[in-house]
Amino acid sequence: MTMDKNFAPADIEQRIANTWDEAKAFDAGAGARDGADSFSIVIPPPNVTGSLHMGHALNNTLQDILVRRKRMQGHDVLWQPGTDHAGIATQMVVERDLALRQIQRRDLTREEFLNHVWSWKNESGGTITNQLKRLGASCDWSRERFTMDEGLSKAVLKVFVQLHREGLVYKDKRLVNWDPQFETAISDLEVENIEVDGHMWHFKYPLAGGETYEYVEKDEDGNVTLRETRDYISIATTRPETMLGDGAVAVHPSDERYAPILGKLCEIPVGPKEHRRLIPIIIDEYPDPDFGSGAVKITGAHDFNDYAVARRNHIPLYRLMDVKGAMRADGEPYALEAEKAKAILDAGGEPNKNDVDMINLVPDEYRGMDRFEARKKVIADIDAEGLMIEVEDKRIMQPFGDRSKVVIEPMLTDQWYVDAKTLAAPALASVKDGSTKFVPKNWEKTYFEWMENIEPWCVSRQLWWGHQIPAWYGPDDHIFVAEDEEVALDMAVQHYLSHEGPWKAWVEEKMNDFKPGEILTRDPDVLDTWFSSALWPFSTLGWPDETPELKRYYQTDVLVTGFDIIFFWVARMMMMGLHFMEDEHGEPVEPFHTIYIHALVRDEHGQKMSKSKGNVLDPLILIDEFGADAVRFTLAAMAAQGRDIKLSTQRIGGYRNFATKLWNAVRFAQLNGAGHLVDFHPEAVKEPVNQWVLTEASRAVAEINEALEGYRFNDAAAAAYKFTWNLFCDWYLELLKPTLNGEDGPAKDEARATMAYVIDTILALLHPFMPFITEELWSETEGAHGRENVLALSPWPTLAYENETAAADLNWVIELISQTRSVRSEMNIPPSAKLSAVLVGASDATKARLKGQSNVLQRVGRFEAITLAVTAPEGSIQQVVGEATLCLQLGDVIDLAAERARLAKEIDRLDGEIARIDKKLGNEKFTARAPEEVVAGEREKRAGYEVEKSQVQEALGRLPS
RNA sequence: GGGCGUGUAGCUCAGCGGGAGAGCACUCGCUUCACACGCGAGGGGUCACUGGUUCAAUCCCAGUCAUGCCCACCA
């Protein structure tokens, strides 16, 4: 069974995946030593609607590298996989799907719709899981979880109920970011502020009753620059459609221009003249006197800043729009389902007595009009009336829904909130005291900044797909929060029977014939998807049940994720984990001790990859083209801390070549009968070349270990690459060839055995990075000696071998051959020409080396012979190797002028080095203040250069003139 | 406005207080019995700029310029 010349990833990847499957290699605890420490990672659950993108590929490659190494080290490993139900995204996908079949969600019952979602999930939800498998992710797929699973849903209910009982979850009416596309509230984090071209309109708000005042403007020195009589106040706005909801006009207390009209009323100049509302001119610190006219209209129900001003000054809040962002239409279903009361609350939170006014808030001609249409009409109407002062073009920041991409409308609604401030305190402390560490550390600052300024978290969503909020409303809208309806009903009955009032008798009457729906109505809203994601590190392990997995794998070890979800997910896992999980002493336990934040994979311009920009590189296409191993290795090699990855396919091609190189190295070993010794002990190796490669292999093992312990994936990848290609392939195998082609005997046996051993080491070291090809090559060389059948479950290399003498010997050999090659190339000597050489001035040690390695030197260096001599022969090209000089005998071919130039250049170089060191040593401050070993080192280097220089000078002198 | 980062070879990027590195690209040579997705040899960089600290700065500090991201924001 001879191996093919080239490595064809597509042919083996599926087969290797099956091998792992059959071996149950990724099951929790697979291959663990007795009593081994646990090592666990929870996957950042991709959206069930998702398909693998480069970010996933990077994220999961890094996790897989950590996990595979730990597994090989014999730890009890769990990599917990699963997917996220992704409320909005999934509902969107399914609605779109249904639309193709002419079905609208609103035509279905909630239950019918959810059935559609579940069947969609069952058919299409596995996509990303399969794609992760193609990447080689070694998750315990038997433990796959979904945030809407029964167990995880139970966790969600428990958490919500407990937080509510503790007062950390509550219902509130306040301004919220409203997405008119999806008709739901979203959290602050789901809003993207984007700068767009906009306008700022300046309007006149006429004073009530045609009153006038003297308007005076002054410059900085107090000189009057403008004085005129006005019957209006000038207002600037970027959102004229909200004018109908104005509650006041505010000016800064220090603004003298408006002092004459403080407390007076002005008119909102929109709608039929006879019905226009009058609003007061008030003072507040908020307006900036130097911006615009210095006067701000206050629209408390449609602007976050105005909301704060309105609350402070007890200005009524007028909600103008319905759930679709259209102007409210009388008699139309404009209210939220959850919003039973038609009343707009006033500043104090009490129902407004003037409900009627509210209904008439929007004049007939605007009712039902989309907000942007209404804007046009408001502008046109005001302009027609002659009240428009000017229109400014202006770049403005506008909020957009991160999924819907429509303009977000601040809206006054009832929503559920989590008291994030309280939960954030311990989460903040854990990072501050180092219990949980960010890698790289600088992300801590981002985390602190956000956590210290955290706002209440709006967790209710007006969707159908998600965890329905476990809250029930009584007939008087009293709220009962419980894990199920039965408990809620008990609570309700108790509540009503113990409170005197109109409902007591009613409940008493119902007691005999309970029909739950008649007393209680469940809150129709669902929870923010991130609410369940926040529980992921323990809900996936079985919490709230006390499972063995929970005991063994919580706290998880490291969370590997991108910085874009530090707030969305990491922070919230910290909050929930610390609140709900505790150790045997009752102390809170963080969900993980390390948070490794990796880069974002960007396109060539450093732009985030996104479908809308059309700059997406599809990892699956890359896997098809280059193989999963090449894609993985590229991502690992580029995952330097603190810098984004700009991915190029060329680079992936380079690492595909690396895979082929490895393939051929093993092929070479196989053709040369690697692995004949049954028992291999590095300490028993006798040949210097083998001692040397084992020394170098040990160094590579140490370097890779150190890099991976520090999450320096790029350093680990580079070390593995360098050792495999530049040392093992380029030198070791080449140096071995004379022996392998020579006669059978102990030397050949040892070469074969060492070669096999080092290849095993390389395969193991590379396995976390390139699992498919290494597994395949492992099985190709199966039976070499006693070892596991599956590389994924084989021991991680622990080689620690050091032989300095052998290392020095072989480095001398390499130096000699390299120099000779360089000279050959420079002097245009054909590579095929075999040279005779004479070594002059060799020490005893060098003589011994020459003797020991002469066979190798001749073969690899292409020498006819290397002999020892006291003086250099006439007409030879000379090169300094250590203390000796190697003279290449070329006979007539030698170009004396070229050789003289070559040696002169060498002397120049050495002179340069010596001059540089002399400058240093000549500096008294250097010799006095620099550490002794540094000074000694410089002196040593200088001496070395001097010796070399004199050798080269001698060589030059020996040339015939 | 606040925070974080980046400017090193043509390109993509490592490195980091004491002799400038890799991959790709480029040049030259090679049907060397594993590999042309290869082998060997090369060329190429005032390490953005200015100042400071230090015996010594690509590396530390300050400032400038350029550039990227995150958060907040004047109606």
Side-chain angles (χ1 to χ4, degrees), chain A residues 3 5-7 188-189 193 200 235-239 242 250 286-288 290-299 303-306 309 394 396-397 440 442-443 445-446 448-450 453 563-564 566-567 600 602 604-608 626 630 634 637-638 640 642-648 650-651 653-672 712 714-715 718 721-722 726 729-730 733-734 737 741 817-818 821-826 828-832 859-860 862 912-913 916-917 920 923-931 934-935 937-938 941 945:
Chain A
M3 291 167 62
K5 202 163 118 182
N6 277 320
F7 165 56
D188 301 347
L189 288 175
N193 291 302
M200 193 155 78
I235 301 297
T237 180
T238 55
R239 304 200 49 205
T242 65
Y286 167 64
D288 175 358
D290 296 327
F291 186 86
S293 68
V296 185
K297 73 189 201 62
I298 301 302
T299 318
D303 182 281
F304 286 95
N305 286 311
D306 291 4
V309 177
K394 194 169 159 34
I396 53 171
M397 288 298 260
N442 52 299
W443 289 108
K445 203 151 185 174
T446 306
F448 292 152
E449 192 62 30
W450 191 68
N453 298 296
F563 59 79
D564 50 333
I566 290 178
F567 305 146
L600 243 50
R602 296 178 185 276
E604 54 195 326
H605 309 293
Q607 294 286 310
K608 220 167 162 173
F626 298 105
T634 307
M638 297 186 79
R643 192 196 273 253
D644 287 338
I645 294 175
K646 290 187 207 164
L647 196 65
S648 81
Q650 258 190 346
R651 191 86 184 252
Y655 290 117
R656 186 266 324 268
N657 296 352
F658 175 55
T660 307
K661 185 74 182 177
L662 176 68
W663 182 266
N664 277 290
V666 174
R667 180 162 170 259
F668 173 81
Q670 199 190 54
L671 292 171
N672 283 282
R712 287 180 287 109
N714 58 320
D715 288 341
Y721 180 97
K722 223 174 142 178
N726 303 122
C729 290
D730 287 350
L733 291 183
E734 292 303 321
K737 280 177 180 174
N741 290 333
I817 293 172
S818 293
R821 283 173 177 168
S822 194
V823 170
R824 294 177 95 118
S825 182
E826 226 171 310
N828 286 317
I829 300 164
S832 51
R859 270 293 306 269
V860 182
R862 304 196 146 255
E913 296 286 359
R916 190 180 52 76
I917 294 175
K920 265 192 182 179
N923 185 346
E924 274 177 37
K925 286 180 182 170
F926 172 70
T927 48
R929 298 197 201 179
V934 171
V935 179
E938 291 294 325
K941 270 191 275 179
Y945 289 134

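Within every chain, numbering begins at 1; the chains are lettered A, B, ... in the order of the sequence lines, protein sequences first and strands thereafter.
- Counting non-hydrogen atoms under 4.0 angstrom, D288(A) reaches a base of the nucleic acid.
- As rounded to the nearest Å, G5(B) and A9(B) have P atoms that lie 22 Å from one another.
- Nucleotides of RNA chain B nearest to M638(A) and F304(A) differ in position, and the one nearer the 5' end is that of M638(A).
- Comparing atom distances between the T660(A) side chain and each of C73(B), A41(B), C35(B) picks out C35(B) as nearest.
- Checking C37(B), G40(B), C55(B) against the side-chain heavy atoms of N657(A) singles out C37(B) as nearest.
- Comparing G18(B), C33(B), G23(B) by their nearest atom to the side chain of R651(A) picks out G23(B).
- With both pairing distances under 3.5 Å, G40(B) is matched to C28(B) as a Watson-Crick or G-U wobble pair.
- Smallest separation of non-hydrogen atoms from G294(A) and P287(A): O-CB, 3.6 Å.
- Within 4.0 Å of G294(A), counting heavy atoms only, lies at least one base atom of the nucleic acid.
- A donor-acceptor pair is defined here as one N or O able to donate and one able to accept, closer than 3.5 Å; no such pair exists between the side chain of S825(A) and the backbone of S822(A).
- In this structure, U54(B) forms no base pair with any nucleotide, since neither Watson-Crick nor G-U wobble geometry is met with both distances under 3.5 Å.
- When the P atom is compared between G10(B) and C26(B), the two are found 15 Å apart, to the nearest whole Å.
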Evaluate the side-chain contact (heavy atoms from CB on, under 4.5 Å) criterion for residues D644(A) and F563(A): first the C-alpha distance (whole Å), next the side-chain angles of each, then the deciding distance (0.1 Å), finally the verdict. CA-CA 11 Å; D644(A) 287 338; F563(A) 59 79; 4.0 Å; yes
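- One can place OH of Y721(A) at 14 Å from P of C37(B), the figure rounded to the nearest angstrom.
- Distance check on atom P: U8(B) versus C49(B) gives 10 Å, rounded to whole Å.
- In this structure, the CG atom of L600(A) is 15 Å from the C1' atom of U6(B), given to the nearest Å.
- Checked by distance alone, R656(A) brings a side-chain donor or acceptor within 3.5 Å of a matching partner on the base of C37(B).
- Using C1' as the reference atom, G23(B) and A62(B) are 36 Å apart when rounded to the nearest Å.
- Distance, N828(A) CG to U27(B) C1': 13 Å, rounded to whole Å.
- Considering only side-chain N and O atoms, N923(A) lies nowhere under 4.0 angstrom from the phosphate OP1 or OP2 of A56(B).
- Pair assignment for C33(B) gives none, since no Watson-Crick or G-U wobble pairing has each distance under 3.5 Å.
- Checking A14(B), A34(B), C55(B) against the side-chain heavy atoms of C729(A) singles out A34(B) as nearest.
- Here, U54(B) and C69(B) have their C1' atoms 35 Å apart, quoted to the whole Å.
- Counting atom types as modelled, E734(A) pairs a side-chain N or O with a base atom of A34(B) as donor and acceptor under 3.5 Å.
- In this structure, V934(A) and F926(A) have side chains that are in contact, with non-hydrogen atoms separated by less than 4.5 Å.
- For I829(A) and U32(B), the CD1 to C1' distance is 17 Å, given to the nearest whole Å.
- In a base pair of the Watson-Crick type (N1 to N3 plus N6-O4 or O6-N4) or a G-U wobble (N1-O2 and O6-N3), with each distance short of 3.5 Å, U67(B) is matched with G5(B).
- An OP1 or OP2 oxygen of C4(B) is reached within less than 4.0 angstrom by a side-chain nitrogen or oxygen of K445(A).
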Decide side-chain contact (heavy atoms from CB on, under 4.5 Å) for F304(A) and D188(A); before the verdict, give the C-alpha distance in whole Å, the side-chain angles of both, and the deciding distance to 0.1 Å. CA-CA 12 Å; F304(A) 286 95; D188(A) 301 347; 5.7 Å; no
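- Counting any heavy atom pair closer than 4.0 Å across all strands shown, D730(A) reaches sugar-phosphate atoms only and no base atom.
- If you check every strand for non-hydrogen atoms under 4.0 Å, P287(A) touches a base.
- For C37(B) and G21(B), the C1' atoms lie 24 Å apart once the distance is rounded to whole Å.
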Run the numbers on W443(A) and I566(A) for side-chain contact (heavy atoms from CB on, under 4.5 Å), then give the verdict. CA-CA 9 Å; W443(A) 289 108; I566(A) 290 178; 3.8 Å; yes
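- Here Y721(A) and Y655(A) bring their ring centres to under 6.0 angstrom of each other.
- Separation of the P atoms belonging to U53(B) and G15(B) is 29 Å when rounded to the nearest angstrom.
- The shortest distance between the side-chain N/O atoms of N453(A) and the OP1/OP2 oxygens of A72(B) is not below 4.0 Å.
- The partner of U12(B) is A22(B), by the rule that a Watson-Crick or G-U pair needs both atom distances under 3.5 Å.
- Within the 4.0 Å cut-off from OP1 or OP2 of C39(B), at least one side-chain nitrogen or oxygen of K661(A) is found.
- The side chain of K646(A) places an N or O atom within less than 4.0 Å of a non-bridging phosphate oxygen (OP1 or OP2) of C13(B).
- With P as the reference atom, C47(B) and C60(B) are 15 Å apart, rounded to whole Å.
- Looking at the side chain of A665(A), the nearest of the listed nucleotides A34(B), A14(B), C70(B) is A34(B).
- At least one side-chain heavy atom of F668(A) sits under 4.5 Å from a side-chain heavy atom of K737(A).
- Here the rule is side-chain hydrogen bond (donor to acceptor under 3.5 Å, both in side chains) with K297(A), and of D303(A), T242(A), D306(A) only T242(A) fits it.
- Among the atoms of the strands shown, only primed sugar atoms or phosphate atoms (P, OP1, OP2) are found under 4.0 Å from some heavy atom of Q650(A).
- Candidate nucleotides C55(B), C35(B), U32(B) were compared by shortest atom distance to the side chain of A930(A), and C55(B) ranks first.
- The distance from atom CG of N714(A) to atom C1' of U12(B) is 14 Å, rounded to the nearest whole Å.
- When heavy atoms are screened at a 4.0 angstrom cut-off, T446(A) is found touching no nucleic acid atom at all.
- Remark: S822(A) is not in phosphate contact with G40(B), judged by side-chain N or O atoms under 4.0 Å from OP1 or OP2.
- Across all strands shown, A928(A) has no heavy atoms under 4.0 Å from either base or sugar-phosphate atoms.
- Distance N193(A) CG to A72(B) C1': 8 Å, rounded to the nearest Å.
- In this model, the phosphate group of A75(B) is approached by a side-chain N or O of K394(A) to a distance below 4.0 Å at OP1 or OP2.
- The nearest heavy atom of RNA chain B to N741(A) and to T927(A) marks one nucleotide each, and the one closer to the 5' end goes with N741(A).
- Remark: P of A57(B) and NZ of K925(A) are 12 Å apart, rounded to the nearest angstrom.
- In this entry the distance linking CG of L671(A) with P of C35(B) reads 9 Å, nearest Å.
- In this structure, the side chains of M638(A) and L647(A) come closer than 4.5 Å at one or more pairs of heavy atoms.
- Comparing U54(B), A14(B), C35(B) by their nearest atom to the side chain of R929(A) picks out U54(B).
- Using a 4.0 Å heavy-atom criterion, one finds that K737(A) contacts the bases of the nucleic acid, with or without backbone contacts as well.
- The side chain of E938(A) sits closest to G18(B) out of C73(B), G18(B), A14(B).
- Remark: K941(A) is not in phosphate contact with G18(B), judged by side-chain N or O atoms under 4.0 Å from OP1 or OP2.
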